[in-house]
Amino acid sequence: MAQINFGGVMEEVVTREEFPMDKALEVLRNETIAIIGYGVQGPAQALNLRDNGFNVIVGQRKGSKTWDKAVAHGWIPGETLFDIEEAAKQGTIIEFLLSDAGQIALWPTIKPHMTAGKTLYFSHGFGITFKEQTGIVPPADIDVVLAAPKGSGTSVRRLFQQGKGINSSYAVFQDATGKAKDKAIALGIGVGSGYLFETDFKKEVYSDLTGERGTLMGAIAGIFEAQYEVLRSKGHTPSEAFNETVEELTQSLMPLVAENGMDWMYANCSTTAQRGALDWKKKFKAATLPVFKELYESVASGQEAKRTIDTCSQPNYREKLSEELKELRESELWQAGAAVRQLRPEKATVEESMID
């Protein structure tokens, strides 16, 4: 493992130099990796593993849209594509990549096939961490591991195809064979990770749920709406309000942050922007810090898990979700965004194989 200085804190990470693909292939040489779930992470991880030379099969319900999607991606019925129970039976490593609600529903089907010496793999710690609510309690004689890419399945696949890699965490919940850690790292390398940092299932799910509800999705969406509404209420056009709220951030400033950090982005903006940002940053931190503390406590207490499970298990959940997303999509803010994207000189396209 490599010792890396993260802002004065030394941390051990695994890179492809310490754990090259040849080593990952050797660790998993006698394993059959069964991908259960072909929606978000499933396609990217399955395709990356296959392209890297691992023995991979996919389990899906026959006749479903995801079955047809798997066929379109080159998985062959009866050879590398099976119904869920058959794939779980054949697999020695079961990648359980369904949604959290899907995992709860399917666990009774998968559990009988988790026989001694097999490996149960997750990319999210939810099912295990909140096992009292999910009912996902693995047998004691199997390995239970995690490799969690820090991005969507689309990003996992796209970065792999670009010859890059996505950052991922890894963890071991249960080591029945004495080889669980090597398997977790090998799987993380196999699915396309650039580097891996160690965590545990609880920390992974706590940070993940906080991030999704916070700066990654919930907080940023709320901030977008607040600034856009203020600008519109003061007479700014939709085009101006959207460009100053979203477009400049996503198309200009965030790429600079990704390239060399926030300080570098500040240094490459006007002095007026620098001064204002540095002054108002403190006010925004003071305003949002209590919200983030409340959010983390809600995650740690299990309240967020309970709300997710209760809501997603409702029979009309997908209809309600569709209505909520429709309301978001048809808001003036994101209708303005759609128009702005159409006016970009070059429209980015995403290949069908990457969409999930």
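Heavy-atom basis, side chains included; hydrogens, waters and symmetry copies ignored.
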*Apply side-chain hydrogen bond (donor to acceptor under 3.5 Å, both in side chains) to Ser322 and Glu319, showing your working.*
CA-CA 5 Å; Ser322 180; Glu319 288 79 5; over 6 Å; no
Are any side-chain N or O atoms of [X] and backbone N or O atoms of [Y], one a donor and one an acceptor, separated by less than 3.5 Å?
| X | Y | answer |
| --- | --- | --- |
| Ser298 | Glu294 | no |
| Ser123 | Ala147 | yes |
| Arg232 | His236 | yes |
| Gln41 | Gly151 | yes |
| Thr80 | Trp75 | no |
| Tyr38 | Thr66 | no |
| Gln174 | Ile142 | yes |

[Y] side chain reached by [X] side chain, heavy atoms, under 4.5 Å:
| X | Y | value |
| --- | --- | --- |
| Thr109 | Glu85 | yes |
| Ile33 | Leu49 | yes |
| Leu28 | Phe54 | yes |

How about [X] and [Y]: does a side-chain donor come under 3.5 Å of a side-chain acceptor?
| X | Y | value |
| --- | --- | --- |
| Thr129 | Lys202 | no |
| Glu204 | Thr199 | no |
| Tyr121 | Gln45 | yes |
| Glu244 | Tyr228 | no |

*Would you verify whether the NZ or CZ of Lys320 falls within 45 degrees of the ring axis of Tyr317 while also being under 6.0 Å from that six-membered ring's centre?*
no
*Validate the cation-pi geometry between Arg275 and Trp280: distance from NZ or CZ to the six-membered ring centre under 6.0 Å, angle to the ring axis within 45°.*
no
*Enter the distance from Lys89:NZ to Thr32:OG1 here, rounded to the nearest 0.5 Å.*
13.5 Å
*asked:* Can you tell me how far apart CD1 (Ile4) and OH (Tyr195) are? Round to the nearest 0.5 Å.
replied: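 Ile4 CD1 to Tyr195 OH: 8.5 Å, rounded to 0.5 Å.
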*Is it the case that one hydrophobic cluster holds both Val144 and Val191, taking links as side-chain heavy atoms less than 4.5 Å apart, direct or via other members?*
no
*Grab the two heavy atoms, one from Thr215 and one from Ala219, that are nearest each other, plus how far apart they are.*
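Heavy atoms only, the tightest pair is N-CB, 3.9 Å.
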*Can you say whether the rings of Trp107 and Phe96 are parallel (under 30°), tilted (30 to 60°) or perpendicular (over 60°)?*
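Correct class here is tilted.
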